[in-house]
Amino acid sequence: MSTTLIVAELHDGRVRKATHSAITFAKQVGGTFSILVLGATAKAAAAELTGFGAAKILACEDASLANYVCERFAPTVAAVAKSGGFDTVVVTASSYGKDLAPRVAAKLGAGYAPDINQVKVDGAKRVYRRPMFAGNAQGYCEITTPVHVVSVRQTEFPAAEPSGGASPVEAVALAAADAAASRVEFVSLEQGKSERPDLGEARVVVSGGRAIKERFAEIMDPLANLLGAAVGASRAACDAGYAPPELQVGQTGRVVAPQLYVAIGISGAIQHIAGMKGSKTIVAINKDPEAPIYQIADYGLVADLFVAVPELVNELKKQA
Amino acid sequence: MKILVPLKRVADPDNANKIKISAAGKIDTTGLEWKPNPFDEYAVETALRLTENGTSPKTRLGEVIVVTFGPKEAETTLRAALATGADRAIRVDTTDDALDGDLVARALKALVEKEKPDLVLAGKQQVEGDSNQVAQLVAEYLGWPQATFAGSIKSENDTALVVGREVDGGTLNVKVTLPAVVSVDLRIVNAHGVKSKHTPAAHAYPDGVRFAALMAIMAAKKKPLVEMKLADLAPDVALKVTYGAAELPPKRSAGVKVKSVEELVQKLKTEAKVL
Ligand SMILES: Cc1cc2nc3c(=O)[nH]c(=O)nc-3n(C[C@H](O)[C@H](O)[C@H](O)COP(=O)(O)OP(=O)(O)OC[C@H]3O[C@@H](n4cnc5c(N)ncnc54)[C@H](O)[C@@H]3O)c2cc1C
Ligand SMILES: Nc1ncnc2c1ncn2[C@@H]1O[C@H](COP(=O)(O)O)[C@@H](O)[C@H]1O
């Protein structure tokens with residue numbers, strides 16, 4: 001029987017919803033699972049996770065974990081995985097999980113399957129499916145080591161719902177930091193202040209491309225506010241500084257799959273599509289009727305965005 | 001500063017939608033051109049910027065070594081990096097099928113122990129496997145600090161780097177003391193992405209990577225390129241992750257064009273029911 005260790009992801013002391021996708025993964029794999037929460041206020045966050053059917057919630061609370069530094073987090077994850085005899089360690093396929101997982105895998109001598117979007121269990125054999133080539137191929141891989149480390153895509157593992165019960169919360173000791181930790185210093189975290197939902201969690205995402213130029217906020221904000229949407233952007237818009245880098249959606253940015261995705265002045269390069277093609281409904285507004293984005297959009301409006309977007313805002317207000 | 005850049009060739013990423021799956025279920029990229037992995041091209045550019053004064057880039061003020069794990073034909077990619085300014089190249093003879101990220105990392109570790117660079121500067125991910133792991137793995141194997149997804153790097157007298165890491169919520173700034181492993185993200189090649197200890201703070205680079213002049217391409221043919229055997233670096237060549245069959249993802253088909261904003265809103269309400 002399989003025993004899975006889920007590494008929770010926290011943001012401002014709260015559990016990120018992507019963690020619930022990792023729980024779904026653990027339930028699909030079967031057997032039992034426990035959840036490890038690391039942070040300066042891990043015990044409070046652990047309380048958020050007691051209703052999901054975990055064998056245990058393991059809380060490692062220490063002031064040195066206030067800011068994420070891989071060399072301080074990875075040793076505890078590996079130590080808990082080892083001492084608890086877990087055969088699978090799962091993290092979220094976010095910038096946090098992707099930074100952390102390989103270092104944990106190396107400590108455990110484990111194979112690592114990154115960014116998986118499906119798991120198939122066939123007796124003792126487990127096959128992981130993952131997008132490759134900007135999502136233009138799906139590869140099926142197996143891990144040959146006794147312990148597996150995986151990171152799971154939030155968009156393809158639906159968030160687990162609370163299943164009742166009350167998992168016991170247990171404190172676990174902080175393992176000694178890597179020697180290398182003395183050579184990494186957290187300086188600062190520059191976070192875009194925003195009342196909007198996180199890109200990975202939003203029901204609606206409106207994304208802007210290079211075409212919007214310096215008027216990014218002026219054009220995008222009213223629409224996002226009205227729809228309660230998260231704002232995304234293409235690489236070109238981020239590179240040019242029209243939008244901050246953390247808004248980038250795509251192969252090498254955030255991967256989103258909202259109910260509604262609105263692409264505004266975005267051509268639809270394969271790298272962009274890789275990050276949003278799982279959206280339920282896609283709308284594109286682009287003045288070029290041949291833009292590749294129209295090949296995957298459910299609704300296309302061929303128009304000048306500077307006219308169409310304010311019009312859309314007015315129409316939504318009218319019908320509200 | 002001495003910098004080691006692992007550099008991989010990849011099937012043309014902009015045409016990745018033209019890949020096929022063979023009858024045996026293998027990914028088939030025939031017909032696509034080989035290109036350097038974009039992130040690795042950025043890593044080479046970053047290494048060059050860190051070893052020069054941006055105002056007089058022809059004077060090299062450090063050493064940049066590029067290494068690839070791949071077949072003979074991958075030397076084209078190494079030569080291209082030499083032409084833009086890298087000093088020498090190493091090809092570790094192998095094929096993609098014989099590798100996983102862990103093996104690349106273990107072999108890199110052995111190479112680092114021979115070459116003793118101050119910095120390993122990798123790409124964030126190679127865009128074939130999209131794995132995003134080699135930098136982190138090699139950092140652990142070396143016991144070095146890691147700073148992944150670097151959107152900016154500022155050298156502090158070549159003993160430490162202040163790295164702006166592009167993370168989901170924003171930018172996480174860390175200071176790593178060398179030797180260290182850094183992986184680069186897209187914004188690193190922006191005008192002010194990289195500041196070496198020599199480059200004036202106000203210096204702005206043109207966005208993107210530099211191109212090689214014809215003369216430099218000729219000269220690169222004479223730069224040292226040595227071949228090594230994978231087993232000499234990593235005696236255990238067993239893979240921790242193996243790939244079986246692959247398949248094409250389900251296609252998403254084109255929908256309809258609407259004539260007006262009113263029609264769009266109507267359709268989103270009544271047809272798609274997402275408003
Ligand atoms: C290694 C690598 C990784 C990458 N990762 C990503 C990624 O994660 N995400 C990503 O998005 N890209 C990524 N890219 C970049 C990608 O290849 C494209 O360059 C990028 O997505 C283009 O952005 P864009 O659509 O905003 O700009 P463009 O391609 O320039 O398109 C602008 C569009 O706006 C339209 N337009 C112009 N004016 C108007 C107007 N007034 N009204 C309406 N429409 C107008 C044009 O018709 C055009 O279609 C990556 C590239 C590389 C090499
Ligand atoms: N075969 C290879 N040869 C040289 N460098 C590689 C190879 N594979 C991966 N790398 C390096 O590791 C980075 C991350 O790759 P990956 O973890 O496989 O996505 C790449 O951007 C390269 O810098």
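In what follows, chains carry the letters A, B, and so on, assigned in the order in which the sequence lines appear, proteins first and then strands, with residues in each chain numbered from 1.
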With only heavy atoms counted, which part of [X] is less than 4.5 Å from chain A, the side chain, the backbone, both or neither?
X	result
B/Asp100	neither
B/Pro179	both
B/Lys20	neither
B/Leu172	both
B/Tyr243	both
B/Asp102	neither
B/Ser260	backbone

Name the member of [options] that forms the most heavy-atom pairs with chain B at distances under 4.5 Å.
options	result
A/Gly139, A/Ala179, A/Pro289, A/Pro244	A/Gly139
A/Leu312, A/Asn136, A/Val309	A/Asn136
A/Gly109, A/Gly200, A/Pro131	A/Gly109
A/Arg235, A/His148, A/Arg203	A/Arg235
A/Asp115, A/Ile282, A/Asp198, A/Leu100	A/Ile282
A/Gln259, A/Arg129, A/Gln191, A/Gln295	A/Gln295

Quick check for you: among [options], which has the greatest number of heavy-atom pairs under 4.5 Å with chain A?
options	result
B/Asn190, B/Val274, B/Val176	B/Val274
B/Ala246, B/Ala238, B/Ala16	B/Ala16
B/Gln126, B/Glu262, B/Glu166	B/Glu262
B/Asn132, B/Ile19, B/Leu142	B/Ile19
B/Gly244, B/Gly143, B/Pro250, B/Ala245	B/Ala245
B/Leu178, B/Thr242, B/Leu137, B/Val134	B/Thr242

Is a side-chain N or O of [X] found less than 3.5 angstrom from the main chain of [Y], in a donor-acceptor match?
X	Y	answer
B/Arg187	A/Cys238	no
B/Asp168	A/Arg254	no
A/Arg183	B/Ala160	no
B/Lys240	A/Ala105	no

Side-chain heavy atoms of [X] within contact of [Y], under 4.5 Å:
X	Y	result
A/Leu189	B/Val167	yes
B/Lys269	A/Gln319	yes
B/Leu264	A/Val283	yes
B/Leu275	A/Leu260	yes

Do B/Arg165 and A/Asp99 sit within salt-bridge range, that is, some charged N less than 4.0 Å from a carboxylate O?
yes
Could you grab the distance from atom [atom1] of [X] to atom [atom2] of [Y], nearest 0.5 Å is fine?
X	Y	atom1	atom2	value
B/Leu186	A/Thr252	CG	OG1	4.0 Å
B/Gln266	A/Glu315	CD	CD	7.5 Å
A/Leu301	B/Lys257	CG	NZ	10.5 Å
B/Arg252	A/Ile273	CZ	CD1	10.0 Å
A/Phe133	B/Leu248	CZ	CG	11.5 Å
B/Leu268	A/Tyr299	CG	OH	6.5 Å

I need the minimum non-hydrogen distance between [X] and [Y], along with the two atoms involved.
X	Y	value
B/Glu247	A/Tyr140	OE2-OH, 2.9 Å
B/Ala272	A/Thr281	CB-OG1, 3.8 Å
A/Lys277	B/Pro249	NZ-CG, 3.9 Å
B/Val241	A/Cys141	CG1-CB, 3.8 Å
B/Pro145	A/Ala180	N-CB, 3.5 Å

The side-chain hydrogen bond (donor to acceptor under 3.5 Å, both in side chains) partner of A/Arg103 among B/Gln146, B/Gln133, B/Gln136 is B/Gln146
Tell me whether the count of non-hydrogen atoms from other residues, nucleotides or ligands lying under 6.0 Å of [atom1] in [X] goes above 12.
X	atom1	result
B/Lys18	NZ	no
B/Lys35	NZ	yes
A/Lys280	NZ	yes
A/Lys120	NZ	no

Side chain from CB out, backbone as N, CA, C, O: work out which of these in [X] comes under 4.5 Å of a heavy atom of chain B, or both, or neither.
X	value
A/Ala181	neither
A/Ile143	both
A/Asp239	both

Would B/Asn173 and A/Glu190 count as having a side-chain donor-acceptor pair, cut-off 3.5 Å?
yes
Side-chain donor-acceptor pair under 3.5 Å between B/Gln125 and A/Lys98, yes or no?
no
